[in-house]
Number of protein chains: 2
Amino acid sequence: MSAKRNDFNHRPTIYDVAERAGTSYATVSRYLNGRSGVAASTAKRIEQAIKDVDYTPSAAARSLAQQRTHLIALIIHARSEDIITDPNIMQIIASANARVTREGWQMVTLMSENDGESRANIERLVSGGFADGYLLYTMEEDDPLLPLFERRSMHAVISGTGYRQQPPFVSVDVDNTAAMSELIRYVLTGETHSAGDGADDADTTGTTTAGDATAALRRTRPAYICGPLNMPGAPERLAAFRAVTGELLPDSADSLPVHYAADWKTTSAAAAVRAWAEDGTLATRDAIICANDTLALGAIEELHRLGYDVPGDVAVSGFDNSSAATSITPRLTTVDQHMERRGWVMAGLVIDQIRDTDKNGDGNGDRNASADDAGNPDDAGDAPSKTVMLATDLVIRESA
Amino acid sequence: MSAKRNDFNHRPTIYDVAERAGTSYATVSRYLNGRSGVAASTAKRIEQAIKDVDYTPSAAARSLAQQRTHLIALIIHARSEDIITDPNIMQIIASANARVTREGWQMVTLMSENDGESRANIERLVSGGFADGYLLYTMEEDDPLLPLFERRSMHAVISGTGYRQQPPFVSVDVDNTAAMSELIRYVLTGETHSAGDGADDADTTGTTTAGDATAALRRTRPAYICGPLNMPGAPERLAAFRAVTGELLPDSADSLPVHYAADWKTTSAAAAVRAWAEDGTLATRDAIICANDTLALGAIEELHRLGYDVPGDVAVSGFDNSSAATSITPRLTTVDQHMERRGWVMAGLVIDQIRDTDKNGDGNGDRNASADDAGNPDDAGDAPSKTVMLATDLVIRESA
DNA sequence: ATGAAAGCGCTAACAG
DNA sequence: CTGTTAGCGCTTTCAT
């Protein structure tokens, strides 16, 4: 019954190996999975037989039998256009992939545009048990995958902006508000006191009053170029601008020019600057805070075109510390949010979840993972830390 | 025997649906696969039952049973660093994904760094029948996946530079030599006669002699910044520089400065320019041809830093027509290789292969596909066109 | 240490 | 039109 598949040219199966090794396929299976109980001599023969017939186990059969795919899927859920222009996505993919590989799993990336069909495909895939764990980087409002993940109680870690109300999943993010606040504060005051991590600002004793601060300001007439509000971080960064200017420039804060860009493209920022130049706003500005590096790039280019000096006439700041930040003159003052860590940490978190569940045999082990990568190495962390905040760094260069 | 799985909380199977619909699971299967022979009334009940139990077929079981995964895998095989900095990869991924989706398949992307382990993982996956077809974008010399694909006679379409000798696979590429030649010719002569597509230059009758041409040249002292020679297009583009200067500048061609950059980063180009400035070379140049836009960007930035005017003092050209090409001042004269088409075409080709094989039931249908997307709509093309050349466009702007 | 046998969840003839 | 019966290729008890 063993060599039933005598087809001419077919993919070799475990039966073929068994037959050639002169043993039963059960033993071959044991050997393949590194189980104990395979005589050294038999192992040798099996090993040779595998080479002889050029055998590789079928992924599908294996998945079906052991209810495990050994796959971690990274799902990018956004408009195709945003995916292409987002300079961070590749970093997330690459770093997640590195971590997943290191932990002994295989990562695959799924791209889902936000059209109904594409979304439905992904949903079927997920429901069909395509992977053992999911990393979701989303920009879809109220991402429909979230309820799905929950219903099927799947292992998932999310990041992006597709979740309004805090979902029952571990998420990874940076504190955009704190980071942008620190940056703006620096642009306006020239000071870089990273006092307190925002965690406990209750004990910030000798706070300088707004009045005192204003006196010392380097820049007092900032404008803000905001990114698309449905994209990661954009709303938080805008809020930071509002908050810091409200504190430091209480009189003018409400009337500060803010441009709402429809995308993260340089051209959008350039258009904003041009518009401000035409309506006279630009002449009254001494700083332009941009929601990210690309916008800053466009702003600087346009300022140059219009004959302005940066930062002489007007300071410009970015956000991301992308490669472009150092390729322009003047080099960009910005915030490094270490995107190369994002995927790495996310991957670590899902894998932890999966391993935990495996260990606590019970199928309902809570999905909270220890954030051992997030800077605070509380390894045995049983705290229900639902969202892991990654550290950012203020990067001071010439543009502001 | 039907409702054997009375576990508390388990993924519903086709049995659960059948039981609830009061029919056999075979009928449910028929319904699911749109086979004929399901009474309308039964269909209704099944449909309802599926909703009731929230059923989705298991991907693994389905794959195993019908020996088809309905997956097309795009494999990116390169060093992690190159992947992150390659501005084209996302476009390939996105466009391939769009096409695959449109054709009714699911695309997944696999990233394989060139370390042994990562490579081995991919090889096991492929051998294990992970996907029905593969798109390989590779920068690995003599990519080890190629022999694998051949041994297992898998459907694959490749692109990149990981294949030295023409492999037995359909490949997609652009004619780097022709495109770069046209660009350089334009930079030097100002002429844009795209005479003949390089296909038949035999009948180019009134060819201007080298002597005549030199007299009309706008630029006569070009330098070249070359990309890493193991990367897609780099060698061909360099060859184009050699060829065109050899023809147009026969006297000086051999002594033209060429810098071999180790990567595609702006900083590398900037360093090259700086070095040329220091050793006096730069003062003698009136044009810098760069192997891609990023390098051109770095060159221009550095030229500006050094007080040179572009294109006044020295013309600079790029290659790719990336988004950066229009964000810098002066905007880049470059070549558009329409990367957004690359993935689209590749995907179309594998899917054609798969469908063809399905049709000609014989398992050895030749893998040649018709290049119906490549511009020449020879749909019924049975020609063994192993490599599909995509069209490029010279994009003339201000920098050269 | 190893073989036999029973699934994993679904598809695909083959009979009714 | 629908149920029965074999598999798909591998894992996993349970005996031996």
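Keep in mind that this is a model prediction, so the values were computed, not measured. Chain letters run A, B, ... following the sequence lines, proteins first, then strands; residues in each count from 1.
- Within 4.0 Å (heavy atoms only), S63(A) reaches no atom of the nucleic acid at all.
- Listed pair R35(A) / dT12(D) meets the phosphate criterion, a side-chain N or O lying under 4.0 Å from OP1 or OP2.
- For Q67(A) and dC10(D), the CD to P distance is 16 Å, given to the nearest whole Å.
- When the nucleotides dT4(D), dT11(D), dC8(C) are ranked by their closest atom to the side chain of L64(A), dC8(C) comes out on top.
- We find that CD1 of I14(A) is positioned 11 Å from P of dG9(D), with the value rounded to whole Å.
- Between F149(B) and F169(B), the angle of the ring planes goes over 60°, which puts this pair in the perpendicular group of the 30/60° scheme.
- With dT12(D), dC10(D), dG9(C) as the candidates, the nucleotide lying closest to the side chain of T13(B) is dG9(C).
- The CZ atom of R30(A) sits 10 Å away from the C1' atom of dC14(D) (whole-angstrom rounding).
- In terms of position along DNA chain D, the nucleotide closest to S41(B) lies nearer the 5' end than the nucleotide closest to the other residue of the pair S41(B) and A61(B).
- When distances are taken from the side chain of Y15(B) to each of dA5(C), dT2(D), dC10(C), the shortest belongs to dC10(C).
- Y31(A) places its OH atom 16 Å from the C1' atom of dA1(C), with the value rounded to the nearest Å.
- For the OP1/OP2 pair of dT11(C) and a distance below 4.0 Å, the side-chain nitrogens and oxygens of S29(B) include at least one atom meeting the criterion.
- With rounding to whole Å, E19(A) atom CD is found 16 Å from dG9(D) atom C1'.
- Within 4.0 Å of A39(A), counting heavy atoms only, lie sugar-phosphate atoms of the nucleic acid but no base atom.
- With 3.5 Å as the limit, one finds no donor-acceptor pair spanning the side chains of H155(A) and D132(A).
- Expressed to the nearest 0.5 Å, how far CG of L349(A) lies from CG of L135(A) amounts to 9.0 Å.
- In this entry the distance linking CZ of R68(B) with C1' of dC10(C) reads 16 Å, nearest Å.
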Salt bridge (charged side-chain N to carboxylate O under 4.0 Å, His left out) between R11(A) and D54(A): does it pass, once the steps are laid out? CA-CA 9 Å; R11(A) 206 143 91 52; D54(A) 192 13; over 6 Å; no
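- For S36(A) and V28(B), each mapped to the nucleotide of DNA chain C holding its nearest heavy atom, the one lying further toward the 5' end belongs to S36(A).
- Of the charged side-chain nitrogens involved, none lies within less than 4.0 Å of a carboxylate oxygen, so that E140(B) and R79(B) do not count as a salt-bridged pair.
- Distances shown here put every side-chain N or O of T27(A) at or beyond 4.0 Å from the OP1 or OP2 atom of dT2(C).
- Going from atom OG1 of T56(A) over to atom CG of L125(B) covers 10.5 Å, rounded to the nearest 0.5 Å.
- One finds no side-chain N or O of S58(A) lying less than 4.0 angstrom from the OP1 or OP2 phosphate oxygen of dC10(D).
- For R11(A) and dG9(D), a side-chain-to-base donor-acceptor distance below 3.5 Å is absent, hydrogens and geometry of angles not being considered.
- OP1 or OP2 of dC10(C) has at least one side-chain nitrogen or oxygen of Y55(B) nearer than 4.0 Å.
- A close approach under 4.0 Å does not occur between any side-chain nitrogen or oxygen of T23(A) and OP1 or OP2 of dT2(C).
- Rounded to a whole Å, the CD1 atom of I46(A) is 8 Å from the P atom of dT2(C).
- Between Q66(B) and G22(B), the one whose closest nucleotide on DNA chain D sits nearer the 5' end is G22(B).
- One can place OH of Y25(B) at 10 Å from C1' of dT11(C), the figure rounded to the nearest angstrom.
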